[in-house]
Each structure stands twice: as C-alpha cells, then as structure tokens.
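Okay, so here's the structure we're looking at.
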Amino acid sequence: MPERDLLMIPGPIDVDPPVLRALSRPPLAHTSPEFIEIFGSTITALRDVFLAPQGQPFVVAGSGTLAMEMGVANLLEPGDKALVINTGFFSERYADVCKRFGATVETLNAPLGDAPAPDAADKILSQGGYKLMTITQVDTSTGVLADVRGLAEVARKHNVLVVVDGVCATAAEEFRQDEWGVDVCITGSQKALSVPPGIAFVMAGPRAIAAFEARKTPVASYYSDWGLWKPVMQAYEQRKPAYFATPPVNLIFALQVAVQQILAEGMPARWERHRRLSNAFKSGIDALGLRQVPLSPVIAAHTMSAVYYPEGVNASVLGKIKAEGVVLAGGIAPAIRDRYFRIGHMGNANASDILAALGAIERGLAAAGARVDLGAGVAAAQRSLAQTPATV
Ligand code: PMP
C-alpha cells in the first residue's frame, strides 16, 4: 500500500516530517534535565498559542475526550447548572460529560447547520443560577463555527464560567482566550496542533482556578484532578522534576517541534492562512454545485468543510476518492450521517493539498456516476487562491 495518500480528514491530520522525527527519538526519563527543559519550555509556550498569558496549562496523556472531562470535572459539583451551546455531535458529548459530573444540563439548540446566537444564550442565562457554559468552537460533526467571542461576552455578563472545546479549532481558528474572557479551553494534539493523537490539553484561566479552589466536594475523577496536576505543571515550568502520572515523553518531543513551528508562523498569520485555504476549498465546492452543512459562510469553520453528496451519490464515493489518493471522512451527525462527507484542511495543509483534494473529489464523483464539470472546482479554488497570494 502506498504511504503517500493525502490524509485530509478532520483529525488526526497529516504530520510534518520534523515533528515525526522528534517522535521517533529514544524516550528520555521524564525527570531528566533534558526532558524537563523540553516539557517546561513547551508548557510555557502554549500560553502564546491560546493567547492566555494568565492561563494554567495542563498537558497530559489522553485524547480530546479526556481533555473535555478535565475541562469541566474540576469546575462542576453535583447540582450545578450548565448550559451547552449545541452545534452538533461533540456539543452533545459535552452535555453528557457535564451530566456525568453531576450537573443539571440545559442545551441551547439550533437547526442543523446553524449556530445559536449570543442573544439566545443571554435569555437562558438571565434566568440565573448557571455555573458554567460550554461552547464547541468548531463542531467537527457539522463544520459549524461558533461565535465564541460573542457567547463568552454574554456569559461574562452573567458571571458564568466559559469552557471552550477547541479540539477542531485551537491553533487554527482565531482565538484569544484572555481577551475574550474564556475561562477554560481544551484541545487534543491530533488536529490543528499538528501532532499525532495522544495529548490532551486544558488551559485554565484565573477565574476557573479560583472556582476550582472554592469547591466543596472532591473532584470525582482522579486522573483529571487539577490539584494533582498543577504542582507538576508548575514544577516543569520551574525546571524541577515532578511526577504524578507519566507524561507521553515522545509525544512531548513532537509537541515541542510543532509548537515552535506554530509560534514561528505567528497566530494571526496562522488564522489567516486557514481562512485563505478554507475560502479556496469552499469556492471549489460551490463551483461544483455541492451544498455545505453550515447554513452560511459566517458560521462555517476554516479548519474543515462538511459537504452534502450530490443527488444519487453515497458514501461509497469516499472509496473512489481514496483510490485517487486522498482520504476523506464520512458523516457523523446522526440526522444526516449518510448524506454528507467531511474534509479537514488544517495544520500544515497548503494550497496544493486543497487543489489535490478538489481534483480527487471531482474524479471520484465522476467515477460514481455524478455529473461533474471536471476542473470547475479546481479552477474556482485557483482563482480564490490567486486573489490572496500566500504571504510566507
Ligand atoms: N471535540 C471535538 C470538537 C472533536 O472534534 C473531537 C474529536 N473528533 C473530540 C472533542 C473528541 O476528541 P478525541 O476523539 O480525541 O477523544
């Protein structure tokens, strides 16, 4: 089997060779000075990725779902009220996680492909008594981008803690944790951070830490307890050895390289690159006459696209696209699972990847018997890219 297939699912994503090389070096002792330097400096650097100068980073072995748990398990106590802004499957998962930690959960829903407006959240939060609100910045099931800034502003007004699931957004979509008043942002390594799966991240702001310290009951999850991890994270930053549970040392080597690359590009430049590639990809999709799941461009993610199959085509087209060298993902939003597919274009994705993916989609659709104007999607993407030349 060829190893050159272009992996363009919305996570895990393709990983750059220097990151892979870092992963393959022999493990170091997690208490060795060399590892302490790598991990300590990387923990510190993460504040610049989240734009959370006052944040307390937690970096632990686990997937994004663990990060989701770790984001709320330390804040919620039995009987607390939580509001979940629902933009799809992963928002609903957050509702389940909050319930598991004893919260009474209200979900603010929107029609499929739409995003609840801050005003609607304001109405619910005005009833009072809410401890926390979750927002999925990009719900990977629908490709819907939530208005984190507007929603967080409303929550702040009501003194409600804001927890953002940035698994499909962090390090690609514009996000300014401190400035926007977000208390916790969680993510995983396998998406726009451009590292293989296996690291869970939580960035907790000062209000979140204060709420944690004011708890009356112990955290129900042992592994997720900020109280057990915080001294370890702080020790690494102070270049001292510490241990609670073994860090994924090789993944941390990879993370160090990836974070250096991300910060060398710069956050605004990175957000802009993702916008440029997403706009180009979506112009190609429009030119092929395909409809997207997000109901309007302003609520469409820049990290991925969710696209309906044309009439007469089903998920078997993904096999034909794979035969053309590009791996895409099927649907996961239960109501439309078999009617759409998903494309990731985040991390180190570049203009050539966008064109390659559109070309493979065109040929795959043609092979599936759909009427396709071959080249129309690629040409539209080319025009879009040429209008906004690459800056780097
Ligand atoms: N939240 C979002 C928005 C996601 O896209 C995902 C994974 N696709 C998760 C949470 C869960 O992450 P993981 O699969 O790494 O547990």
Side-chain angles (χ1 to χ4, degrees), residues 5-14 62-69 84-100 105 107-116 134-146 164-170 172-173 186-192 196-198 200 278 281-282 285 290-295 299-310 313-322 326-347 349 357 360-361 364-365 368:
D5 278 347
L6 195 53
L7 181 63
M8 289 188 71
I9 63 172
I13 66 161
D14 196 20
S63 83
T65 305
L66 176 78
M68 292 173 76
E69 284 205 12
V84 168
I85 305 298
N86 187 1
T87 46
F89 177 89
F90 288 103
S91 316
E92 284 171 19
R93 174 173 291 188
Y94 230 153
D96 288 344
V97 173
C98 290
K99 284 180 199 155
R100 200 54 85 88
V105 177
T107 51
L108 173 55
N109 300 315
L112 184 85
D114 209 347
T134 71
I135 309 166
T136 310
Q137 186 167 17
V138 170
D139 198 303
T140 322
S141 69
T142 52
V144 167
L145 174 70
V164 170
D165 173 347
V167 173
C168 195
T170 303
E173 296 286 357
I186 67 96
T187 194
S189 51
Q190 76 274 27
K191 304 218 188 191
S278 177
F281 185 78
K282 288 173 171 69
I285 290 298
L290 302 176
R291 199 159 62 87
Q292 295 175 47
V293 177
L295 296 181
I299 54 163
H302 305 99
T303 48
M304 62 170 288
S305 299
V307 180
Y308 287 105
Y309 298 120
V313 171
N314 60 31
S316 65
V317 72
L318 298 179
K320 300 188 191 309
I321 296 169
K322 163 90 166 59
V326 179
V327 181
L328 305 181
I332 47 167
I336 51 167
R337 188 187 302 273
D338 301 324
R339 292 172 39 210
Y340 78 112
F341 63 114
R342 298 173 303 140
I343 306 94
H345 32 73
M346 64 187 119
I361 290 170
L365 287 172

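In this text the structure is predicted, and so the values were computed from the model without any measurement.
From Asn109, atom CG reaches atom CG of Asn86 across 4.5 Å, with rounding to the nearest 0.5 Å. A distance of 8.0 Å separates CG of Leu112 from OG of Ser141, quoted to the nearest 0.5 Å. Note that NE2 of His302 is 6.5 Å distant from CG of Leu145, once rounded to the nearest 0.5 Å. Between the OG1 atom in Thr142 and the CD atom in Gln292 there is a gap of 12.0 Å [rounded to 0.5 Å]. Distance check, rounded to the nearest 0.5 Å: OG1 of Thr87 to CD1 of Ile299 gives 9.0 Å. Atom CD of Gln190 sits about 7.0 Å away from atom OG of Ser63, to the nearest 0.5 Å.
Using a distance-only test at 3.5 Å, with no hydrogens or angles considered, a donor-acceptor pair links the side chain of Asp139 to the main chain of Phe90. A donor-acceptor pair is defined here as one N or O able to donate and one able to accept, closer than 3.5 Å; no such pair exists between the side chain of Thr136 and the backbone of Asp165. Proximity of a side-chain donor or acceptor of Thr187 to a complementary backbone N or O of Gly166 within less than 3.5 Å is detected. A donor-acceptor contact shorter than 3.5 Å is absent between the side chain of Ser278 and the backbone of Thr303. No donor-acceptor pair closer than 3.5 Å links the side chain of Tyr94 to the backbone N or O of Ile135. Not one N or O on the side chain of Lys191 forms a donor-acceptor pair closer than 3.5 Å with the backbone of Thr170. With hydrogens and angles ignored, the 3.5 Å screen pairs no side-chain donor or acceptor of Arg342 with any backbone N or O of Gly143.
For the pair Ile9 and Val327, the minimum side-chain heavy-atom distance is below 4.5 Å. Side-chain contact check for Leu7 versus Asp5: every heavy-atom pair is 4.5 Å or farther apart. Looking at heavy atoms from C-beta onward, Val167 lies in side-chain contact with Ile186 at the 4.5 angstrom threshold. With a 4.5 Å cut-off on side-chain heavy atoms, Ser305 and Ile285 do not count as touching. A 4.5 Å side-chain heavy-atom check between Tyr308 and Leu290 finds every atom pair outside the cut-off. Looking only at side-chain heavy atoms (C-beta outward), Glu92 and Thr107 stay at 4.5 Å or farther from each other. Using a 4.5 Å heavy-atom threshold, the side chains of Asp338 and Asn314 count as separate. Considering only heavy atoms from C-beta on, Ile332 comes within 4.5 Å of Tyr340 through its side chain.
No hydrogens or angles considered: a donor-acceptor pair under 3.5 Å links the side chains of Arg93 and Thr65.
Of the residues listed (Val84, Thr134, Asp96, Val97), the one engaging Val105 in a side-chain contact (heavy atoms from CB on, under 4.5 Å) is Val84, and it is the only one.
Here the closest heavy-atom approach between residue Lys320 and residue Gly364 is recorded as CD-O, 3.9 Å. Between Cys168 and Met346, the closest heavy-atom pair is SG-CE, 3.8 Å. Closest non-hydrogen pair, Ala329 versus Pro10, comes out as CB-CD, 3.8 Å. Nearest approach of Gly198 to Ser189, heavy atoms of both residues: N-OG, 3.3 Å.
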Could you go through the side chain to side chain contact (heavy atoms under 4.5 Å, CB included) check for Phe341 and Val317 one step at a time? CA-CA 10 Å; Phe341 63 114; Val317 72; 5.7 Å; no
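Qualifying ring pair (Phe, Tyr, Trp, His ring centres under 6.0 Å) partners for His345, counting only residues two or more places apart in sequence or in other chains: Phe281.
Counting non-hydrogen atoms of other residues, nucleotides and ligands closer than 6.0 Å to CZ of Arg100 gives a total of 12 or fewer.
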